[in-house]
Amino acid sequence: MEQVVATLFNVLILSSMYILVALGFAFLFNMLGILNLAHGAVYMVGGYIGFALITSVGINPWVSILIAALIMAAFGVFLERFCFRPFTGDFNRIVMVGVGINVVLQTAVNAMLGTKMQALPSLVDGYLRFGVVSVSYQRISIFVIGAVLLVLVSWFVRKTKRGQQMQAISQDIEGAALSGISVHRVSALACALGSGLAALAGCLMGSYLMLSPYMGDLMLIKALVLVILAGIGSIGGIFVTGLILGGLDAVAPVLFSGAVSDAIPYVVVVIVLLIRPRGFFGREG
Amino acid sequence: MLLQIEGLTKRFGGLTAVDGFTAHVDEGEIVGLIGPNGAGKSTLFNLITGVFPPTKGKIVFDGRDITRKKPHTVAELGIGRTFQLNLLFADFTVLQNVSASSQVNPHSSLFDMYFNTRRYRRNEARIAERSLEILQLLGLENYKDELAKNLPHGFQKMLGVARALATSPKLLLLDEPLGGMNPSEIDFSLEAIAKARDSGVTVLIVEHNMQILSLCDRVVVISFGQKICEGLPQEVRENEEVISAYFGGEHGSA
Amino acid sequence: MTDSKNGAAGKLAGWFSSRNSGLSRCVIPVAAVVLLVVIPLVVESLYNLHILIMVFFYVIAALSLRAIVISGQFPLGHAAYMGIGAYAGGMASKWLGLPPGLSIVGAAVFTMIIGILVAYSFARLRALYYAMGSLFLGVAIVQILNAGGTWTGGYSGLSGIPPMFDNSKVTWYYVALGLLILSALALYRFESSRIGTNLKAISQSHLVAESVGIDEAKYRILAVAVGSFFVGLAGAGYAHYVGTIATSNYNFMATMWLFMYVLVGGINNFYGPIVGTFILILIPEYFRSLKTYSPFISAGILFLFVYLMPNGFAGLFELAVARIKGWRAGRTGNAAAD
């Protein structure tokens, strides 16, 4: 029973983390057709900044991760302005810059902190007990934070003016520009938002599991796969697909041992793709 | 009959683009296919050349059923076409556009191409010669090394025709060849099309611009996917339905 | 046609140049090959030879990527195919005891077959779907290799691949160089023949290409088949050279680096992948004393290209050649430059 509860939380937490990172990636991809290969590094660095702030500077964990998110959000603005905007339309160049930044950030972290895996300390100590089952507050709080963030982002994209502008740009960039939307401003905002979310996810995952300089690459792939599976252009699809992928990743290790369990979600994905190339929710013809 | 279309229908979801269209083209003719915008003319071309299959109906070319054949097969069988949006090989030069389009005749197999066989070299030499001839026919020989995307619009259109001729077609489908041309370019194009016909190519032209009627042996009028009239240019020009179809929507310059 | 005039040399040149500029096109490549052949006689450091051997194998991989890219398709799992070649070859030699030469060629063929199967499924869909499918497949392949237990060595990789010949660096240098020259010749012919032209035609407009009789599906599959064969060859060769392989060399980032090799070298030029691979591997190696910081050099090269160079390094070279020709023509009073 204990394991079922643990697995359940695993599903929820992994899913929400995947979705948080994938959303940031999807914003740029849907709006501007930008494949931001630096996004994984942003996630990773965000986690390390949080770690550094907590352990080296001694700031309260909650405040630390918030600061980390803000720092990476600012970095996101920098990325959009100096790495992506100058090359609008030149897909190859943007991909190259992304790779370059990825390398720079990974190398920097490697050089400063080494490849030893570290973990963020728990945000909350203690366990919740009901009946025979106990769940750490850590787990609960991570899940709650993740869920709250998702709700906030969801609300932002659908109900606020900027969020709706983001949607408009995703659907028809020229039309949006002609109707007075400042594509540059909204893009910068989207990149900042996406980076901030990724940084938060980095901290949370770093606390839940571990930090490593290579976690960015792994997460980037997950985000890319997620966005494609959800169907290019569909934000809502990311939520559902993220849940499925998180579910697979959480449940498979329980049922199968070792590396096989890592392989299973991807084999499933490949099969799905061969049957239905458009992904689950794509609106592309 | 070189080309025979029977009861051709194409539905896209709820929209019927072509409805029970029946027509034919005889060898050596120049047939005009006219009609207002959105009447289904380009769809018809796409159906004939196999870009997508029809919902119903049959297309017979040179005695063969080509209804569901793929575009490259249709090209091999002898139908060449231009595109309304004048698609070209933008990064190739003018000459390359024409020589790259010469796949059908003379034909080299993959083996020939890779291993540079004697047949391949012979074919390539003939293609090089003939490409230059086609460019001369259409007045493009001075631009042969220009990149296609750098050509002025009228010349790009001519290049489209050159490209189609490079496939040694028996039937040439021209999709709005006069679009966006100035009067001297139009005259030149009409002459070139006539010359092509004289050299043995049958031509089916979709056109908006009524000047095409002077060149056609026969005209078919299409509106809302249906054939509404067919006959000599003069008859069609005076037909009531045709006039209303055009004035109801748009009308080309007469 | 020039080949009939110049006999064997002319025939060779004619085989290569589709535009009949004959021997002049061969000068630089031949000079480069001569230089490379001479290097082991002059260079003593085994480590430097090792780096060059690595470069040779990766150049083959980069060229194979280009063969697919010119058709307008983007195999986002290309490094994983290199992995298929590496593991198939390595496992065949290690577990089946096949002679290494056979393993390597067999692995290349095996990789080609997989490439054909995948390409066939996607041949009639838009190139976008092929890109996405390749991405997923690439990731799946890496995971499957990781899950292979003892057979593939799992996460720690496959080791103990039996060595070839005397396993000396100098022997391997010439073997790798030989493979590179053969592959480059084969791929150059592929691209410069009408096959290559047809692929480039498809890449520009698949509608027009079909309308002139080019079977898009057939050519797309062909491009992937050829690209897969050579990347499998590179992977298997490299696996036998180093003796130990791990999946971390064949993941998505590895594919991205293959693309970087092609892009940095210049995407419009056959020699681009060659130049790009040399630059992106050799220059950081020169700075290897920076140790952990040496990847900054690689990133720096990327940034240099992105922010300052529109046509890649091969494009820069062409510019220089054109300038020299123009200068020469001016000197001799010849008004018409080449």
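Proteins come first, then strands; the chains are lettered A, B, ... in the order of their sequence lines, and each starts at number 1.
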From C/Lys200 NZ over to B/Phe92 CZ, what is the distance, rounded to the nearest 0.5 angstrom?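 The NZ atom of C/Lys200 sits 7.0 Å away from the CZ atom of B/Phe92.
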Rounded distance (nearest 0.5 Å) linking atom CG of C/Asp215 with atom NE2 of B/His72: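 If we round to the nearest 0.5 Å, C/Asp215:CG and B/His72:NE2 are 3.0 Å apart.
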What part of [X] gets closer than 4.5 Å to chain C, counting heavy atoms only: side chain, backbone, both or neither?
{"X": "B/Leu173", "answer": "neither"}
{"X": "B/Thr49", "answer": "neither"}
{"X": "B/Val51", "answer": "side chain"}

Under 4.5 Å, counting heavy-atom pairs only, tell me which of C/Ser203, C/Ser205, C/Ser211 racks up the most with chain B.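 Counting heavy-atom pairs under 4.5 Å, the top option is C/Ser211.
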If you count heavy-atom pairs under 4.5 Å between each of C/Asn198, C/Leu222, C/Thr197 and chain B, which one has the most? C/Asn198
Taking the side chain as C-beta and beyond, is there a heavy-atom pair between C/Glu216 and B/Pro71 under 4.5 Å?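 Sidechains of B/Pro71 and C/Glu216: no contact.
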Flag the one option from B/Leu110, B/Leu88, B/Val104 with the top tally of heavy-atom pairs under 4.5 Å to chain C. B/Leu110
Looking only at heavy atoms and a cut-off of under 4.5 Å, which of B/Arg81, B/Arg163, B/Glu76, B/His107 has the most pairs with chain C? B/Arg163
More than 12 heavy atoms of other residues, nucleotides or ligands under 6.0 Å from [atom1] of [X]: yes or no?
{"X": "B/Phe12", "atom1": "CZ", "answer": "yes"}
{"X": "B/Glu27", "atom1": "CD", "answer": "no"}
{"X": "B/Arg68", "atom1": "CZ", "answer": "yes"}

Might you point out which heavy atoms bring [X] and [Y] nearest each other, and give the distance in Å?
{"X": "C/Val212", "Y": "B/Ala100", "answer": "CG2-O, 4.4 Å"}
{"X": "C/Leu207", "Y": "B/Leu87", "answer": "CD1-CD1, 3.8 Å"}
{"X": "B/Ala75", "Y": "C/Gly213", "answer": "CB-N, 3.5 Å"}

Evaluate C/Arg194 against B/Asn123 for side chain to side chain contact (heavy atoms under 4.5 Å, CB included), listing each step before the verdict. CA-CA 11 Å; C/Arg194 183 166 276 266; B/Asn123 289 347; over 6 Å; no
Is there a side chain to side chain contact (heavy atoms under 4.5 Å, CB included) between B/Lys149 and C/Gln204 once you walk through the steps? CA-CA 11 Å; B/Lys149 61 183 170 190; C/Gln204 290 169 71; over 6 Å; no
Answer yes or no: is there a donor N or O on one side and an acceptor on the other, between the side chain of C/Arg189 and the main chain of B/Tyr114, under 3.5 Å?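 The answer is yes, because a donor-acceptor pair under 3.5 Å joins these two groups.
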